[in-house]
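Reminder, nothing fancy here: chain letters follow the sequence lines and each chain counts from 1.
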Amino acid sequence: MAELLETLLSWFHVVREPVGGVLLVVGGLLAIVGAVGLLRFPDIYTRLHATSVTDTGAATLMIVGMILLSPTGWVALKLVFIWVFMFLANPTASHAIANAAYTAGMEPKIGPSGDTGEADR
Amino acid sequence: MSVVNPDIGVLLVNVTLLALLFFVAIAIARLRSLFAIVMLTGAYSLISAMWFVAVDAVDVAFTEAAVGAGVSTVLMLGAMLLTARTARVEPNWKRLGPLAVCLVTGAVLIYATIDLPAFGDADSAANSHVGAMYLQRTAAEIDIPNVVTAVLASYRGFDTLGETAVVFAAGLAVSLLLGFGERSLSASHKPARANLKGVLVPSNKSDHHVVLRVVAKVLIPIVMIYALYVHFHGELSAGGGFQAGTIFAVAIVLYSLLFGITAALDAFPVIWARSIAAFGVLLYAGVGFWALMNGGNYLDYDFVLPPDDPDYGPEDANTWSQHVGIILIELGVLFAVAGSLISIFYAFAGRAPEIRDEDW
């Protein structure tokens with residue numbers, strides 16, 4: 001049992017840095033995807049859809065990556081706290097924006113099926 | 001560590017952040033919608049905070065993020081609710097005067113930067129005289145890791161007392177201008193508990209903010225605990241009384257935004273805010289007098305807890321006494337800043353009508 005644990009631990013130390021780095025890069029790419037969606041989508045709801053999920057997801061991936069790269073347990077713990085805060089605050093902020101837009105009577109842009117929205121540009 | 005010259009990375013970050021600041025400033029100058037301008041000033045503060053982090057001024061960045069992006073955005077929104085939503089369009093010839101003022105001021109500032117020392121210059125005034133002395137002597141005299149707190153609270157205690165008094169005076173001035181006591185809350189005399197007996201429901205129609213309220217109930221206690229952490233951890237890491245007070249005020253402001261000003265006034269009455277603001281300044285000044293009574297100079301924390309040694313004099317360093325003094329005066333700063341900011345917020349929010357659903 002102890003040997004198995006030791007092997008697992010040594011494996012963990014080998015994969016720690018590469019996996020952490022990959023997670024950071026993937027998180028960054030996800031954030032870029034969200035930014036592209038924010039710029040390209042037509043109305044507030046689709047834009048929010050593009051940014052809200054990718055924002056929280058990108059932050060989660062990056063924080064997990066940083067936890068893997070963190071030098072001490074205390075740093076990892078602080079990153080977990082930051083993640084909990086973001087996990088609560090980010091979706092709530094998106095909800096607040098969507099709710100405000102809905103309450104203010106903003107209509108989503110929905111064309112007939114097959115309409116790609118090219119016509120009104 | 002990396003193949004790229006690290007200086008190039010730092011340079012890129014600096015140039016990007018400063019360029020962002022420039023474009024945000026241009027956007028603020030061009031926009032007419034006050035709401036967008038207020039939001040952009042918040043973004044401006046946040047980007048400057050990032051830039052301060054990039055130049056290793058973490059404490060300043062913390063203050064900028066908490067005060068500039070957090071509280072002042074809310075205060076500006078509160079002030080905006082009392083006025084129009086868009087700025088009037090001025091005719092072009094009326095803009096010539098301000099443009100000339102900006103150009104002249106900008107030219108003078110750029111001319112002045114020629115005389116500034118280079119960034120990180122060891123011979124600059126900030127790094128050579130007392131600055132170097134503080135860095136050398138903090139470890140022996142005060143023995144805390146965060147030199148910023150040592151300089152701010154101990155070596156420069158008089159300056160910080162002045163700053164605290166300025167914050168208090170600002171809160172007092174806003175209260176005096178916008179109305180004192182119950183009169184300042186004239187616009188929001190909508191009884192919160194009239195609709196349902198004993199149940200605190202701000203309005204009995206469908207509640208759009210239920211998600212926000214639930215999350216806020218989870219977050220507000222955490223925010224308050226974080227404020228205390230920032231305060232008591234100020235000696236060890238970035239932070240201190242100013243940031244902690246601002247974060248504490250933000251918790252109250254968040255509560256009143258989501259649950260209504262009347263509920264907030266029930267939870268944290270205006271008189272508390274004003275009292276703790278005054279008490280904070282009193283505590284700070286009182287620590288100074290306490291040191292005087294113990295035989296030291298004003299705000300000389302070595303004499304907050306002097307040992308029972310007859311030969312004890314001004315030359316002896318007493319680091320534990322320094323720690324107690326710093327925590328006490330930072331507590332005074334926390335009270336003064338939190339109380340002043342909350343009473344400023346109440347002064348604005350109490351005059352505006354309750355934030356209606358359609359304003360969200």
Side-chain angles (χ1 to χ4, degrees), chain A residues 16-18 20-22 24-25 28 31-32 34-35 38-39 44-45 47-49 51-53 55-56 58-59 62-63 65-66 69-107, chain B residues 1-3 16 20 33 35-36 39 42-43 46 53 58 62 65-66 69-70 73-74 77 85 145 203 205-230 233 236-239 247 250-251 254-255 257-259 355-360:
Chain A
R16 207 171 71 124
E17 293 206 351
V22 167
L24 281 182
V25 172
I32 292 175
L38 177 71
L39 291 173
I44 184 165
Y45 300 105
R47 286 179 169 190
L48 206 59
H49 161 75
T51 49
S52 60
V53 181
D55 250 14
T56 317
M62 284 179 162
I63 285 175
M66 283 189 262
L69 293 175
S70 60
T72 61
W74 282 112
V75 175
L77 189 69
K78 284 177 186 171
L79 285 166
V80 169
F81 285 150
I82 294 175
W83 177 77
V84 169
F85 177 77
M86 282 187 140
F87 197 71
L88 284 171
N90 261 359
T92 313
S94 306
H95 165 80
I97 295 171
N99 190 22
Y102 177 74
T103 319
M106 226 175 228
E107 298 278 335
Chain B
M1 183 178 125
S2 62
V3 267
T16 313
L20 274 174
S33 155
F35 184 79
M39 285 300 151
L46 214 53
V53 172
V58 192
F62 200 170
T73 308
V74 177
L77 282 179
R85 295 297 171 86
S203 70
K205 52 187 172 134
S206 74
D207 191 356
H208 287 296
H209 303 146
V210 60
V211 175
L212 295 180
R213 291 201 173 121
V214 170
V215 174
K217 273 184 186 172
V218 177
L219 281 185
I220 286 172
I222 301 179
V223 170
M224 286 177 159
I225 291 175
Y226 183 62
L228 292 178
Y229 166 79
V230 167
H233 217 247
L236 306 174
S237 62
I247 293 169
V250 164
L254 187 62
Y255 184 80
L257 283 180
L258 290 172
F259 296 86
I355 298 175
R356 295 180 303 268
D357 274 349
E358 56 262 32
D359 294 333
W360 276 77

Starting at CZ of A/Phe81, measure out to OH of B/Tyr226 and round the result to the nearest 0.5 Å.
12.0 Å

More than 12 heavy atoms from other groups under 6.0 Å of OH on A/Tyr102:
no

For a quick test of reading the model, state the closest non-hydrogen atom pair linking B/Val215 to A/Leu88 and the distance between them.
CG1-O, 4.0 Å

Contacting moiety of B/Val218, where chain A heavy atoms sit under 4.5 Å
side chain

Considering residues, nucleotides and ligands other than B/Met224, do more than 12 of their heavy atoms fall under 6.0 Å from its CE?
yes

Return the set of residues passing ring-ring contact (aromatic ring centres under 6.0 Å, His included) with B/His233 (not counting sequence neighbours), or none when no residue passes.
B/Tyr229

Atom NE2 of residue position A/His95 - does it have more than 12 heavy atoms of other residues, nucleotides or ligands inside 6.0 Å?
yes

Top of B/Leu219, B/Ile222, B/Val214, B/Val211 for chain A proximity - count of heavy-atom pairs under 4.5 angstrom
B/Val211

